[in-house]
Amino acid sequence: QVQLVESGGGLVQPGGSLRLSCTASGSIFSINAMYWYRQAPGKQRVLVASITSGGTTNYADAVKGRFTISRDNAKNTVYLQMNSLRPEDTAVYYCNLLVRRETLGPINSYWGQGTQVTVSS
């Protein structure tokens, strides 16, 4: 099995920064793409940022220039550096990893438990 553990959320003032982490453990052969999503109260979960196994990144327009996604393959970890935070960034943030558990095996999707980010003065 594969477990994902997120950390780094919290309460921050507008203009502040937070760094989220998501670490995978268990039976892992390789991790393909890694994603960060967020879900605000009463709204659907939306994609915030993604990074491929080759390091190519993409961002939602709402966070471009403020958020940076990165990965450490040796640690099976994906990060989301969030700068210049705004009240509208308030949401539960979820990581999503596409994991291959064995050579030539299928790729499965795994989700973190979510971490709350609140931006408020």
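What you see is a predicted model, and the numbers here were worked out from it, not measured in a lab. Along the sequence shown, the residues carry numbers beginning at 1. Atom set for the values below is all heavy atoms of this structure, side chains included, hydrogens, waters and symmetry mates excluded.
Nearest heavy atoms, Ile69 versus Ser50: CG2-O, 3.5 Å. Summarising the geometry of Ser17 relative to Ser84, their closest heavy-atom pair is OG-N, 4.4 Å, with the distance given to 0.1 Å. When all heavy atoms are compared, the tightest approach of Ile31 to Ala24 is CD1-CB, 4.2 Å. Smallest separation of non-hydrogen atoms from Leu47 and Ala49: CD1-O, 3.6 Å. Nearest heavy atoms, Thr90 versus Ala40: O-CB, 3.8 Å. The two residues Gly114 and Val92 have their closest heavy-atom pair at CA-CG1, 3.8 Å.
Put simply, Leu98 and Trp111 are part of the same group of oily side chains (I, L, V, M, F, W, Y) that touch within less than 4.5 Å, one to the next. Both Val119 and Leu80 are assigned to one and the same hydrophobic cluster, defined by single-linkage of ILVMFWY side chains at heavy-atom distances under 4.5 Å.
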Verdict with supporting geometry, Trp36 and Phe67, ring pair (Phe, Tyr, Trp, His ring centres under 6.0 Å): CA-CA 11 Å; Trp36 283 101; Phe67 290 11; over 10 Å; no
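Taken from CD in Glu102 to CZ in Phe29, the straight-line distance is 9.5 Å, to the nearest 0.5 Å. Atom CD of Gln13 is separated from atom CG of Leu85 by 11.5 Å, given to the nearest 0.5 angstrom.
Not one N or O on the side chain of Ser53 forms a donor-acceptor pair closer than 3.5 Å with the backbone of Asn32. Remark: the backbone N or O of Glu6 is paired with a side-chain donor or acceptor of Gln113 at under 3.5 angstrom. Of the possible donor and acceptor atoms, none in the side chain of Arg101 sits under 3.5 Å from a partner among the backbone N and O of Ile28. Judged by distance alone, with hydrogens and angles left aside, the side-chain atoms of Asn96 form a donor-acceptor pair with the main-chain N or O of Tyr110 at under 3.5 Å.
Within the 4.5 Å cutoff, side-chain heavy atoms of Met82 are placed close to those of Tyr93. A heavy-atom distance below 4.5 Å is found between the side chains of Thr115 and Leu20. Between Thr56 and Ile51 there is no side-chain heavy-atom pair separated by less than 4.5 Å. Taking the side chain as every heavy atom from C-beta outward, Ser120 and Pro87 never approach each other to under 4.5 Å. In this structure the side chain of Leu97 never reaches within 4.5 angstrom of the side chain of Ser109, judged on heavy atoms.
Taking the ring centre of Tyr79 as origin, the terminal cationic atom of Arg19 falls inside the region bounded by 6.0 Å and 45° from the ring axis. Taking the centre and axis of the six-membered ring of Tyr94, the NZ or CZ atom of Arg38 falls outside the cone set by 45° and 6.0 Å.
Annotation for Gln44: atom CD does not count as buried by contact number, only 12 or fewer foreign heavy atoms lying within 6.0 Å.
If you check the side chains of Asp72 and Thr77, you find no donor sitting under 3.5 Å from an acceptor.
Salt bridge status for Asp89 with Arg86: absent, with no side-chain N to carboxylate O gap under 4.0 Å.
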